[in-house]
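Working notes, beginning with the structure itself.
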Amino acid sequence: MRVSISEVFTSIEGEGIYLGTKTLFIRFAGCPLRCFYCDTPYALSIGNGTYYSIDEAKTIIARKVERGTFKANFTGGEPLLQHEAVRELARYVRDELLLKTYLESSCYDASRFLHVLPYIDICKIEFKLKDSNAIDDKHYTRLLENEMLCLRHAIASRKVTYIKVVLSSLSKREEVEELARMIFEGDASKAIDGFVLQPVNGVNEPTLEHMLAMYDAVHQYYPNVRIIPQMHKVMGIP
Ligand SMILES: Nc1nc2[nH]cc(C(=O)O)c2c(=O)[nH]1
Ligand code: SF4
Ligand SMILES: [Mg+2]
């Protein structure tokens, strides 16, 4: 088996509920989606990464781990595109390097997600809004179904599980409200460790008023909602 990796680097976690933690980023190349705000265009094509054997990838990762690292972030691109390799490398990072594993995924395929889940400690489940342009309208419902299934699987496996939704000036309040309603029906709110609304950076940035309306749309179902930008962009670091 070979794996295409875009980059491996240590930085400060710039997103989500573990913001500020020293993190080893393992960026897998390739993504089936096309969000208009994508900030890793160099990782969209699987052919743009460097191909390694699994043993070579393990060696590179082991060499890059620095003292005091809190977790390894398996990101991309879309890591589930190479789910077999991610499973093997996550197992290695967790069981042999003794680091927490964190999956950063658009959750486009719930069966691939289930395949890697046993070796993942922390799941960031991203829900793509329609204005992301991630996928054509015809396939949007299927994407949403997979995201929702991944969320259920992560909760059922008692992982640390949180939600991210990227907001732009084009995002619709009704859509976010309906999403929150679907996520929190039943008793899910106790099992979910966070809901982060992340404003886009650079293009179609939402106004304060717009962000607050989105906050309110989630808050009625989940009072611990947070609006958090990508802090690594603010800090000017990778
Ligand atoms: N500092 C930093 N934090 C991040 N959190 C998620 C990232 C990603 O690209 O998935 C990322 C990233 O690329 N850099
Ligand atoms: S899912 Fe992530 S990597 Fe893929 S296009 Fe969207 S932002 Fe870029
Ligand atoms: Mg990213």
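Order of listing sets the numbers, starting from 1, for every ligand and every atom in it. Being a predicted model, the structure only gives us computed values, none of them experimental.
Residue-level proximity to ligand 2 for Leu44 is carried by the side chain, the only part with a heavy atom below 4.0 angstrom. Looking at Cys31 against ligand 2, only its side chain comes within 4.0 Å, counting heavy atoms. In Ile12, the part holding a heavy atom less than 4.0 Å from any atom of ligand 1 is the backbone.
Below 3.5 Å of separation, one finds no N or O of Asn73 facing any N or O of ligand 1. At under 3.5 Å, not a single nitrogen or oxygen of Ile237, backbone or side chain, sits near a nitrogen or oxygen of ligand 1. Between Asp39 and ligand 1, a contact under 3.5 Å exists for no N or O pair.
Distances from ligand 1 to the non-hydrogen atoms of Arg27 include at least one value under 4.0 Å. For the pair Lys128 and ligand 2, a heavy-atom separation below 4.0 Å is found.
A donor-acceptor pair under 3.5 Å links the side-chain atoms of Glu147 to the main chain of Lys128, judged by distance alone. At least one donor-acceptor pair under 3.5 Å links the side chain of Arg173 to the backbone N or O of Ala213.
Listed by number with element, the atoms of ligand 1 under 4.0 angstrom from any heavy atom of Gly14 are 1 (N), 2 (C), 3 (N), 4 (C). Numbered from 1 in the order shown, with element, the atoms of ligand 1 that lie under 4.0 Å from a heavy atom of Glu104 read 6 (C), 10 (O). Applying the 4.0 Å criterion to heavy atoms of Ser11 picks out, from ligand 1, the atoms 1 (N). Ligand-side atoms of ligand 2 in range of Leu33: 5 (S), range being under 4.0 angstrom from any heavy atom. Interface of Cys38 with ligand 2, defined as ligand atoms under 4.0 Å from a residue heavy atom, comprises 3 (S), 5 (S), 7 (S), 8 (Fe). Atoms of ligand 1 lying under 4.0 Å from at least one heavy atom of Pro238, given by number and element, are 1 (N), 2 (C), 14 (N). Counting the atoms of ligand 2 from 1 in the order shown, those under 4.0 Å from a heavy atom of Gly77 are 3 (S).
Leu129 is connected to Ile227 through a chain of hydrophobic side-chain contacts under 4.5 Å among Ile, Leu, Val, Met, Phe, Trp and Tyr, so both are in one cluster. Hydrophobic clustering (ILVMFWY, side-chain heavy atoms < 4.5 Å, transitive): Val116 and Val8 are in one cluster.
Counting only N and O atoms by type, the side chains of Glu78 and Ser105 include a donor and acceptor under 3.5 Å apart.
Remark: of the listed residues Lys100, Arg158, Arg94, Lys159, Arg94 is the sole one forming a salt bridge (charged side-chain N to carboxylate O under 4.0 Å, His left out) with Asp121. Partner Phe113 forms a side chain to side chain contact (heavy atoms under 4.5 Å, CB included) with one of Leu103, Leu151, Ile120 and no other, that one being Leu103.
Comparing heavy-atom distances from atom 8 (C) of ligand 1 across Thr75, Thr40, Thr10 singles out Thr75 as nearest.
Annotation: side chain of Tyr37 is not in contact with side chain of Asn204 (no heavy-atom distance under 4.5 Å). Side-chain contact between Lys22 and Thr10 is present, with heavy atoms from C-beta onward closer than 4.5 Å.
No salt bridge links Lys58 with Glu96; every basic N to acidic carboxylate O contact stays at or beyond 4.0 Å.
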